[in-house]
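Working notes, structure below.
Since the model is a prediction, treat every value here as computed from it, not as a measurement. Just so you know, residue 1 is the first one in the sequence shown, and it goes up from there.
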Amino acid sequence: MITIETFVHILDLGGTFVFAISGAVAAVNRRLDIFGILVLSFVAGNFGGITRDVLIGAVPPAALTASPYLLVSVLAGLITFFLYSGVDRLRTPVLLFDAIGLSFFAVAGAQKAISFGLSPVMSALLGMLTGIGGGMTRDLLLMEIPQVLRSDLYAVAALAAAGVVVIGHMLGLPYGTSAIVGGTLCLGLRYMAIRHGWHLPIAYLSAQQRAKNNSPDDK
């Protein structure tokens, strides 16, 4: 029977591969060389987990001590480098895989935080951070506003998944059950956001007012 630790490790590696591909695609789109592509692959796939491990005191972080994390990131980068046209044609499936990776990282990150004795609220927040940290670091290296701060229900979906894991733990439910429910919720929210453009309210009124105040016609 698979233990919780093994299950979390599998989720971590699965999320690492998916996010590493997203980092490699972003690097290719910005015309980075192969070294830059591999760096962005590693950053996108691992920095969320590294940040989580540092914050909870699980040092050195697993991504820096266990070779599978590096190998998975390099494999994703090389696949994207040599087969970019094929990966790019799968843009919508890649978005869905990205949602799956977000689900993996959010539930795995929350469970790891719980196992280190963090409070429910902090465990949920660290689960979210595990899911969005790599993408945020990737975008900052590319000098862009992080997509997780402007993408449709990205961070919210990760927080919802992590929250389900935390609530399940508080209710004494098996981790596998809460992970499946939380991951499914995260995936469902991201799918509906991608397909139907769901997003949180944006300050349109404020932006419109500023534009009106700066209009030449008012001078």
Side-chain angles (χ1 to χ4, degrees), residues 15-52 54-55 61 63 69-70 72-74 76-81 83-106 109 125-162 186-187 189-204 206-208 210-211 214:
T16 296
F17 181 77
V18 172
F19 279 129
I21 287 182
S22 74
V25 169
V28 173
N29 288 338
R30 295 297 291 269
R31 301 185 62 82
L32 272 64
D33 60 20
I34 187 170
F35 180 75
I37 292 171
L38 295 179
V39 169
L40 263 292
S41 295
F42 183 81
V43 166
N46 294 281
F47 262 56
I50 290 175
T51 304
R52 174 203 63 207
V54 170
L55 290 176
Y69 290 94
L70 175 61
V72 165
S73 301
V74 170
L78 292 176
I79 289 174
T80 305
F81 179 78
L83 302 174
Y84 173 75
S85 59
V87 173
D88 191 54
R89 281 197 297 269
L90 298 174
R91 185 174 300 275
T92 299
V94 166
L95 285 176
L96 294 178
F97 277 119
D98 181 81
I100 294 172
L102 182 68
S103 304
F104 284 176
F105 269 176
L125 291 176
L126 277 180
M128 179 187 70
L129 178 62
T130 306
I132 69 175
M136 290 185 66
T137 308
R138 173 202 65 207
D139 293 342
L140 290 174
L141 289 176
L142 294 175
M143 294 185 292
E144 297 178 356
I145 297 174
Q147 290 185 10
V148 299
L149 300 181
R150 51 190 171 88
S151 185
D152 301 337
L153 299 186
Y154 202 95
V156 172
L159 182 59
C186 178
L187 182 59
L189 286 174
R190 281 296 295 144
Y191 174 79
M192 296 302 291
I194 293 169
R195 188 169 183 86
H196 299 291
W198 289 4
H199 56 76
L200 294 176
I202 302 173
Y204 285 118
S206 174
Q208 291 173 353
R210 287 197 303 271
N214 294 330

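Of the candidates Val156, Leu102, Ile100, Cys186 forms a side-chain contact (heavy atoms from CB on, under 4.5 Å) with just one, namely Leu102. Just one of Val18, Leu129, Thr130 meets the side-chain contact (heavy atoms from CB on, under 4.5 Å) condition when paired with Phe105; it is Thr130.
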Report the C-alpha distance between Ile34 and Leu78 in whole Å, list the side-chain angles of each, state the deciding distance to 0.1 Å, and finish with yes or no for side-chain contact (heavy atoms from CB on, under 4.5 Å). CA-CA 8 Å; Ile34 187 170; Leu78 292 176; 4.1 Å; yes

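Distance check, rounded to the nearest 0.5 Å: CE of Met136 to CD1 of Ile145 gives 11.5 Å. Annotation: the span from Leu142 atom CG to Thr137 atom OG1 amounts to 11.0 Å, rounded to 0.5 Å. Interatomic distance, CZ of Phe17 versus OG of Ser73, reported as 10.0 Å (0.5 Å rounding). To the nearest 0.5 Å, atoms OG1 (Thr51) and CZ (Phe47) are separated by 7.0 Å. To the nearest 0.5 angstrom, Tyr69 atom OH is 6.0 Å from Thr16 atom OG1. Atom CZ of Phe35 sits about 10.5 Å away from atom CG of Leu40, to the nearest 0.5 Å.
Of all heavy-atom pairs spanning Ile21 and Ala76, the tightest one is CG1-CB, 3.6 Å. The minimum heavy-atom distance between Arg138 and Val43, with the atom names listed, is N-CG1, 3.8 Å. A pairwise comparison of heavy atoms in Gly127 and Ala162 identifies CA-CB, 3.9 Å as the closest pair. Among all heavy-atom pairs drawn from Ile37 and Gly77, the shortest one is CG2-O, 3.9 Å. Heavy-atom minimum distance, Ala158 versus Ile132: CB-CG2, 4.4 Å. The minimum heavy-atom distance linking Gly15 with Phe104 is given by the pair N-CD1, 3.6 Å.
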